[in-house]
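These notes concern the structure reproduced below.
A note on names: the letters A, B, ... follow the listed sequences, proteins ahead of strands, and every chain is numbered from 1.
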Protein chains: 2
Amino acid sequence: MRTFETVLAQIEQRIAADGLTVGDRLPGERQLAEQLGVSRSSVREALRVLETLGVVSSQVGRGPDAGAVLISRPDGTLADLLRLNLGLTTMSAREVLDTRLMIERWSAARVTSAPAAMTEALAAMDTAASPEEFVTHDVAFHVALTDAAGNRLLSAVLRALRDALVSNAVEAVRRLGHTGDLQADHRRIHAAIEAGDAAEAVEAVTAHLARAYPGLSLTQNVF
Amino acid sequence: MRTFETVLAQIEQRIAADGLTVGDRLPGERQLAEQLGVSRSSVREALRVLETLGVVSSQVGRGPDAGAVLISRPDGTLADLLRLNLGLTTMSAREVLDTRLMIERWSAARVTSAPAAMTEALAAMDTAASPEEFVTHDVAFHVALTDAAGNRLLSAVLRALRDALVSNAVEAVRRLGHTGDLQADHRRIHAAIEAGDAAEAVEAVTAHLARAYPGLSLTQNVF
DNA sequence: GAAAGGTGTATGGTCTGACCATATTTGGTC
DNA sequence: GACCAAATATGGTCAGACCATACACCTTTC
């Protein structure tokens with residue numbers, strides 16, 4: 001086992017043993033190296049891994065906020081993971097969009113009151129001057145819906161897909177040639193959620209995505 | 001921006017520009033450092049990030065297989081991500097199990113023929129001598145089902161949940177006190193898939209998970 | 001005594017150069 | 001041709017140095 005991997009294991013074990021949680025600080029790189037009997041390089045490689053996994057954040061300087069602080073931000077990692085692996089393999093747009101459909105249907109069924117971010121995104125889309133601006137708020141609308149469902153794991157997955165969603169959505173808007181139908185869908189979704197009608201909300205989300213991505217329509221009603 | 005981050009960006013850009021794919025090799029650490037005008041340490045930190053993301057694998061020695069080779073293995077990263085972030089935050093078992101239920105219902109609806117791995121796991125459970133052995137094959141059964149649905153993104157998510165699933169399942173078996181009902185559920189799922197009855201398969205998966213995890217039963221039929 | 005400013009210092013970030021372990025390549029020997 | 005030993009390229013690790021940053025502390029000033 002490589003040195004930095006043992007360092008990784010020991011840091012992880014230490015986090016569990018000491019009951020460290022978000023906001024707590026790890027010892028400095030030099031101190032950690034001395035404690036574990038390894039070089040600072042190996043400690044740094046281990047910290048780089050933890051940083052990549054969204055578990056620590058390193059701050060330079062001095063004071064209470066400096067050093068390696070425990071965080072919990074899996075979003076960025078998931079996004080990197082997807083972007084890099086999508087580029088390397090032949091993961092299809094279909095797989096991404098199916099996942100999106102599944103998460104959003106699930107969310108629509110559970111959210112009983114539209115969050116502020118959703119209502120704001122809806123209004124912002126009305127005044128969007130370009131497809132890009134419209135899509136920005138469009139994606140924010142859907143992310144807000146999913147966040148409101150309260151499952152952080154699924155929220156993180158959808159947020160990781162964000163970049164892919166944006167490019168897909170821009171394509172869809174250009175293909176449709178206008179945003180009126182999409183915005184009407186959004187209002188229907190919003191209204192169904194505010195009314196607490198889960199079945200209608202699910203149906204509205206499904207219809208919306210079917211309109212934007214016709215290729216999905218084959219399997220959407222199997223549930 | 002830190003040096004290793006620019007290295008990261010340049011490597012990623014290079015992968016895209018040169019059309020590198022799985023199996024191709026990156027230049028050696030020393031050569032990369034010289035080309036980019038940075039130290040080997042910075043290159044190594046960047047490679048460590050890529051390795052964490054499941055994009056490269058480093059082999060020591062000499063020859064065609066040595067050096068940093070492009071791969072695409074997001075599973076391990078996702079598992080690390082979940083394990084570490086589950087430990088740090090209060091992500092609940094409910095969130096994990098809801099996600100599992102969603103993915104398995106989706107999969108059950110799409111798989112029209114039971115894969116060999118699923119049939120084998122079913123048989124293996126019959127002869128399992130301990131709860132741990134039973135659960136090993138149990139999880140393999142469910143993972144095989146999801147793999148067969150053909151969405152690698154969802155497969156990767158479920159595989160990342162594997163460790164959490166195992167401990168949950170062991171708990172469930174102990175609570176039930178026997179495995180007969182669970183195995184009967186498995187046969188029902190298997191039969192429904194072999195019969196091509198999607199609705200029955202979804203219902204069977206739902207009933208199975210509801211039996212194993214009673215706390216889930218509230219929202220399972222909202223779809 | 002309080003405010004302002006300068007200095008000290010602990011932190012991560014980077015670089016250099018060296019050595020080690022490993023695995024292939026190369027070339028010599030029988 | 002087969003076998004074995006040396007050379008070599010690779011990642012892995014270490015030690016030590018220096019830099020930039022940002023807070024801590026002390027001195028000066030009013």
Kindly say whether, by distance alone, the side chain of B:R44 makes a donor-acceptor pair under 3.5 Å with the base of D:dG11?
no

Mark yes or no for a side-chain to base donor-acceptor pair under 3.5 Å between B:R40 and D:dG12, with no hydrogen or angle criteria applied.
yes

Taking the nucleotide of DNA chain D with the closest heavy atom to each, which residue, A:V38 or A:G63, is nearer the 5' end?
A:V38

For DNA chain D, whose closest nucleotide is more 5', that of A:G61 or that of A:S42?
A:S42

[options]: which one has an atom nearest the side-chain heavy atoms of [X]?
{"X": "A:E29", "options": "D:dG12, C:dT24, C:dG13", "value": "C:dG13"}
{"X": "B:V60", "options": "C:dT14, D:dG12, D:dC14", "value": "D:dG12"}
{"X": "A:T3", "options": "C:dG12, C:dT14, D:dC14", "value": "D:dC14"}

Rounded to the Å, how far apart are [X] [atom1] and [N] [atom2]?
{"X": "A:F4", "N": "D:dG11", "atom1": "CZ", "atom2": "P", "answer": "14 Å"}
{"X": "A:E34", "N": "C:dA10", "atom1": "CD", "atom2": "C1'", "answer": "15 Å"}
{"X": "B:L26", "N": "D:dA9", "atom1": "CG", "atom2": "C1'", "answer": "16 Å"}
{"X": "B:D65", "N": "C:dA23", "atom1": "CG", "atom2": "P", "answer": "12 Å"}
{"X": "A:Q31", "N": "C:dT9", "atom1": "CD", "atom2": "P", "answer": "18 Å"}
{"X": "A:R2", "N": "D:dT13", "atom1": "CZ", "atom2": "P", "answer": "7 Å"}
{"X": "A:R48", "N": "D:dT13", "atom1": "CZ", "atom2": "P", "answer": "16 Å"}
{"X": "B:Q59", "N": "D:dA9", "atom1": "CD", "atom2": "C1'", "answer": "15 Å"}

With the threshold set at 4.0 Å, does a side-chain nitrogen-carboxylate oxygen contact exist between [X] and [Y]?
{"X": "B:E45", "Y": "B:R2", "answer": "no"}
{"X": "B:D147", "Y": "B:R159", "answer": "yes"}
{"X": "A:E51", "Y": "A:R48", "answer": "yes"}

Applying side chain to side chain donor-acceptor pair (under 3.5 Å) to A:H186 and A:H137, what does each step give before you reach the verdict?
CA-CA 11 Å; A:H186 290 148; A:H137 299 302; over 6 Å; no

Does CD belonging to B:E34 count more than 12 external heavy atoms closer than 6.0 Å?
no

Relative to the 5' end of DNA chain C, which residue comes earlier, A:R62 or A:R30, by the nucleotide with the nearest heavy atom?
A:R62

